[in-house]
Amino acid sequence: MNDKLYSITELADEFDITPRAIRFYETKNLLAPQRAGATRVYNYRDRARLMLVLRGKRLGFSLEDIKEYIDLYDAERSGTEQLAHLMLVGRRRISELEQQLDDVQTTLGELRKIEREAADALTQKGIDPEKALLDIRSKLAMETA
């Protein structure tokens with residue numbers, strides 16, 4: 001299994017990304033495939049590194065953080081520094097996401113308040129807010145058609 005080699009197309013298809021994305025990760029020194037003439041050839045290690053890159057991106061880590069994490073494994077095989085680094089960037093990302101969540105909740109609260117105020121103002125004018133919504137949606141749909 002560890003002897004299997006992959007083409008750029010095989011990896012791109014397997015991970016549902018473009019070959020261009022893989023080449024981009026190469027330019028960032030996250031992957032270093034071997035060459036067979038002009039053809040890139042990836043081994044199991046490259047495939048594992050690509051999996052780490054994609055997982056890190058999915059979790060919102062920067063490419064720099066991902067590279068540091070991967071490089072730590074190459075430098076220190078016990079994994080201690082790599083695991084500590086993972087904890088550090090993980091905690092930082094959790095903090096960022098918690099702040100974003102607070103910001104989104106604040107924004108949602110403000111938007112709900114604005115919606116209630118608009119509905120109340122329409123009601124005070126004797127207009128059904130839900131009917132007003134339907135009317136404006138119809139008008140906008142006709143304008144864009």
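The figures here come from the full heavy-atom set of this structure, side chains too, leaving out hydrogens, waters and symmetry mates.
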Exercise. CZ of R23: more than 12 outside heavy atoms within 6.0 angstrom?
Worked result: yes

Seminar exercise, completed: To the nearest 0.5 Å, atom CG of L30 lies from atom CG of D46 at 11.5 Å

Exercise. Looking at CG of L52 and NZ of K67, how far apart are the two atoms once the value is rounded to the nearest 0.5 Å?
Worked result: 13.5 Å

Problem set entry | Any residue meeting side chain to side chain contact (heavy atoms under 4.5 Å, CB included) with L108, in chain and number order, not counting sequence neighbours | V104, R112

For this session: Output yes when a side-chain donor or acceptor of T107 lies under 3.5 Å from a complementary backbone atom of D103, and no otherwise.
Result: yes

Exercise. E115: what forms a salt bridge (charged side-chain N to carboxylate O under 4.0 Å, His left out) with it, not counting sequence neighbours?
Worked result: none

For this session: Would you mind listing every side chain to side chain donor-acceptor pair (under 3.5 Å) that reaches into residues 34-43, with sequence neighbours excluded?
Result: E26-R40, E26-Y42

Problem set entry | Considering all heavy atoms, the nearest R49-D71 contact | NH2-OD1, 4.1 Å

Seminar exercise, completed: One should read off an interatomic distance between I94 CD1 and L101 CG, to the nearest 0.5 angstrom, of 12.5 Å

Exercise. Among all residues two or more places apart in sequence or in another chain, which pass the salt bridge (charged side-chain N to carboxylate O under 4.0 Å, His left out) test with D65?
Worked result: R92

Exercise. Using links of under 4.5 Å between side-chain heavy atoms of ILVMFWY residues, direct or through other members, which residues join L88 in one cluster?
Worked result: none

For this session: Please answer: with hydrophobic residues joined when any side-chain heavy atoms are less than 4.5 Å apart, are L97 and F61 in the same cluster?
Result: no

Problem set entry | 4.5 Å side-chain heavy-atom contact, E110 and K113 | no

Problem set entry | Working for side-chain contact (heavy atoms from CB on, under 4.5 Å), residues E64 and E68 | CA-CA 6 Å; E64 182 179 320; E68 286 175 16; 3.5 Å; yes

Problem set entry | Test item: M87 and L83 side chains (from C-beta on) under 4.5 Å apart, heavy atoms | no

Problem set entry | Enclosure of D102 CG (heavy-atom neighbours >12, cutoff 6.0 Å) | yes

For this session: Quick one: list whatever passes side chain to side chain contact (heavy atoms under 4.5 Å, CB included) with F15, sequence neighbours left out.
Result: L11, I17, R47, L50, M51, L54

Exercise. So which pairs with a foot in residues 133-143 pass salt bridge (charged side-chain N to carboxylate O under 4.0 Å, His left out), sequence neighbours left out?
Worked result: K131-D135

For this session: Dump the intermediate steps for side-chain contact (heavy atoms from CB on, under 4.5 Å) on I70 and Q82, then the final yes or no.
Result: CA-CA 8 Å; I70 291 172; Q82 187 183 34; 5.8 Å; no

For this session: Just do the side-chain contact (heavy atoms from CB on, under 4.5 Å) check on F24 and R20 with the steps written out, would you?
Result: CA-CA 6 Å; F24 173 75; R20 185 172 185 231; 5.8 Å; no

Exercise. Closest approach of E10 and K4, non-hydrogen atoms and distance?
Worked result: OE2-NZ, 4.4 Å

Exercise. By salt bridge (charged side-chain N to carboxylate O under 4.0 Å, His left out), which residues pair with E96, not counting sequence neighbours?
Worked result: R93

Exercise. Which residues satisfy the side chain to side chain donor-acceptor pair (under 3.5 Å) test with T18, sequence neighbours excluded?
Worked result: none

For this session: Search all heavy atoms of V53 against all heavy atoms of I66 and return the closest pair with its distance.
Result: O-CD1, 3.6 Å

Exercise. Apart from L5 itself, what residues make up its hydrophobic cluster, given side-chain heavy atom links below 4.5 Å?
Worked result: V41

Seminar exercise, completed: Value for OH (Y6) from CD1 (I22), rounded to nearest 0.5 Å, stands at 12.5 Å

Indicate every side-chain donor-acceptor pair of residues 116-129 with a distance under 3.5 Å to a residue at least two apart or in another chain.
from	atom 1	to	atom 2	distance (Å)
T123	OG1	A119	O	2.9
D128	OD1	E130	N	3.2

Seminar exercise, completed: Cluster membership besides M142, Ile/Leu/Val/Met/Phe/Trp/Tyr side chains within less than 4.5 angstrom, sorted by chain and number, is none

